[in-house]
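Okay, so here's the structure we're looking at.
Below, chain A is the first sequence line, B the second, and so on; all start at residue 1.
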Protein chains: 2
Amino acid sequence: MRAWPDGSVAGMSSPARSGTRSARGRRGVRPSGDDREGAILATAERLLGERSISEISTDDLARGAGISRPTFYFYFPSKDAVLLALLDRVVAEADAALDRVPDDMASDPPRYWRRCIAAFHETFSAHRPVALACAAARVTNAEVRELWARVMSSWTLLVAEAIECERRRGAAPPGLAARDLAVVLNSMNERVLHATFAQDGPAVAEADVVDVLLTVWLNAIYQTTTPPGDADSPQATPDSS
Amino acid sequence: MRAWPDGSVAGMSSPARSGTRSARGRRGVRPSGDDREGAILATAERLLGERSISEISTDDLARGAGISRPTFYFYFPSKDAVLLALLDRVVAEADAALDRVPDDMASDPPRYWRRCIAAFHETFSAHRPVALACAAARVTNAEVRELWARVMSSWTLLVAEAIECERRRGAAPPGLAARDLAVVLNSMNERVLHATFAQDGPAVAEADVVDVLLTVWLNAIYQTTTPPGDADSPQATPDSS
DNA sequence: CACGGTATCGACAGCCTGTCGAGTCAGTCA
DNA sequence: TGACTGACTCGACAGGCTGTCGATACCGTG
């Protein structure tokens with residue numbers, strides 16, 4: 001007879017796993033496979049709040065989920081795969097938060113960009129341990145690295161298109177290739193948010209970080225922190241309050 | 001009888017190591033301790049060009065230096081300590097390169113900032129494998145993390161002071177706290193250079209990276225890419241060519 | 001009730017790290 | 001010259017971690 005230390009988490013099986021387990025609905029005396037998988041993910045997220053990924057063994061994850069180490073490998077091929085599944089969920093959440101930002105860039109650019117930056121800040125702030133662990137795993141694990149690279153590329157593309165849009169509108173001056181600008185601004189956010197969350201090296205106070213980043217974004221894109229919105233005529237100098 | 005695969009590197013014993021070996025000058029039939037230490041460092045730098053630090057074992061380092069694994073521990077307490085010694089050398093080189101930048105910020109600000117950014121780019125570019133390995137080791141090793149944090153803090157302080165100087169001169173407008181601005185700009189450079197060197201995710205082409213970074217720096221600090229130099233009067237609009 | 005897929009674990013092999021104690025060697029000093 | 005010292009070297013060991021294999025238990029279904 002065994003104990004089941006970790007309760008299941010509510011649903012949401014990882015979309016990354018090519019699930020062999022098809023239909024749910026089984027309810028036996030022992031927890032179902034989905035419960036186990038959820039328990040492993042929950043254990044991982046919990047333990048990541050206490051110590052770094054390299055200090056967590058597959059044994060820790062297995063015991064935390066109430067199973068033996070070999071059984072862990074029935075659900076995930078490795079420790080990194082757990083992290084990958086967690087990252088998937090966080091990335092999906094960030095994308096969803098970004099989707100919820102109203103698409104009204106032209107009417108008030110600073111407000112728009114601020115909401116975008118804040119969306120990332122809030123999402124990753126809510127999953128700080130996972131974000132930090134993934135940044136750590138990226139250096140050793142190719143899959144994590146590639147997933148993150150893909151995600152950053154897609155966000156970079158979005159930003160580059162927005163910048164070009166602002167240039168066509170006459171709100172932003174021509175300058176660097178929009179993609180290059182998008183790359184460095186996204187990179188800046190990534191590193192600065194990481195440093196702020198990890199308290200690693202020189203960092204900006206958490207309360208200020210979104211505004212500091214926003215200011216640099218606006219200056220880099222518009223050469224001013226008060227770019228013209230809809231009401232202003234194109235090419236206008238930004239001195240209307 | 002043994003072979004000594006790796007020749008010694010020219011002098012420069014790591015300043016980080018609290019050397020118990022005091023006087024040199026011994027020349028026996030077998031290589032001296034300094035030769036060994038140099039051979040280990042040289043082997044590490046060479047192997048880092050081929051694979052990542054996590055794929056290099058202490059055995060690899062020992063064999064590369066022509067010694068057994070236990071003997072490795074006579075010279076360094078761990079694999080990470082070797083990396084720390086390599087990082088020490090690169091940081092010293094970067095500081096030296098920064099010192100060689102002429103202190104003429106006021107006469108031509110873009111040229112000054114460009115030289116600073118290029119100094120880092122060139123130094124880390126010349127030691128790409130070490131730079132990447134240290135970035136990787138930082139996430140697991142507290143000593144590497146602290147050394148890097150200290151280094152970044154000192155560079156941030158330098159930048160913050162330069163920004164305040166430009167503001168007093170009237171060349172740069174007031175705005176964000178100079179330290180916050182310095183932190184995010186330095187963070188941007190760190191992440192962007194890393195991505196460029198590692199070809200990791202969306203990156204800027206190596207040939208363009210210094211100019212792209214410079215442009216963002218100038219816009220963030222001056223709100224223009226053509227800030228006034230000595231000749232221009234303070235507060236002047238920058239339309240003189 | 002037999003069967004097959006799901007789920008579980010003990011035991012093993014293999015890799016890596018770091019340590020211990022024994023041993024070698026060159027120079028020193030009485 | 002012969003004992004001594006300190007620098008240097010390594011075989012062998014202990015312990016931790018990962019991933020796999022084969023045997024086994026459970027459960028719904030035909």
Query raised in the report: Counting distance only, does the side-chain N/O of A:N189 pair as donor-acceptor with the main-chain N or O of A:N186 below 3.5 Å?
Result: no
Query raised in the report: Is there a donor-acceptor pair under 3.5 Å between the side chain of A:K79 and the backbone N or O of A:L61?
Result: no
Requested in this report: Before accepting this row, confirm whether a basic side-chain N of the pair B:R100/B:E122 lies closer than 4.0 Å to the acidic partner's carboxylate O.
Outcome: no
Query - Minimum-distance pair of heavy atoms, taken over all atoms of A:L132 and A:A198 - result: CD2-CB, 3.9 Å
Query - Partner set under ring-ring contact (aromatic ring centres under 6.0 Å, His included) for B:Y112, not counting sequence neighbours - result: none
Query raised in the report: Any sub-3.5 Å donor-acceptor pair from A:R145's side-chain atoms to A:R138's backbone N or O?
Result: yes
Query - Interatomic distance, B:I67 CD1 vs C:dG23 P [rounded to whole Å] - result: 22 Å
Query raised in the report: Nearest to the side chain of A:Y75, which nucleotide is it out of C:dA7, D:dC10, D:dT9?
Result: C:dA7
Report task. Mind telling me whether A:F120 and A:W155 have parallel, tilted or perpendicular rings, with 30° and 60° as the class edges? Result -> perpendicular
Query raised in the report: Bend across the helix from C:dC1-D:dG30 to C:dA30-D:dT1, to 10°, with axes taken over 5 pairs at each end?
Result: 30°
Query raised in the report: Rounded to whole angstroms, how far apart are CG on B:D35 and P on D:dC8?
Result: 10 Å
Query raised in the report: How does protein reach along nucleotides 13-19 of chain C, written 5' to 3' as B (base within reach of a heavy atom under 4.0 Å), S (only sugar-phosphate), or - (no contact)?
Result: ----BBB
Query raised in the report: Should A:R191 and A:D200 count as an ion pair when the cut-off is N to O under 4.0 Å?
Result: yes
Query raised in the report: Out of D:dC8, C:dC9, C:dT6, which nucleotide sits closest to the side chain of A:F74?
Result: C:dT6
Query raised in the report: Once you round it to whole Å, what is the distance between C1' of D:dC17 and CD1 of A:I53?
Result: 14 Å
Report summary line: note: B:E37, atom CD; D:dT9, atom C1'; distance rounded to Å ~ 16 Å
Query raised in the report: Going by the angle between their ring planes, with limits at 30° and 60°, are B:W148 and B:F124 parallel, tilted or perpendicular?
Result: perpendicular
Query raised in the report: Do any side-chain nitrogens or oxygens of B:T71 fall under 4.0 Å of OP1 or OP2 in D:dT9?
Result: no
Report task. Considering just the side-chain nitrogens and oxygens of A:R36, establish if one lies under 4.0 Å of OP1 or OP2 belonging to C:dT6. Result -> no
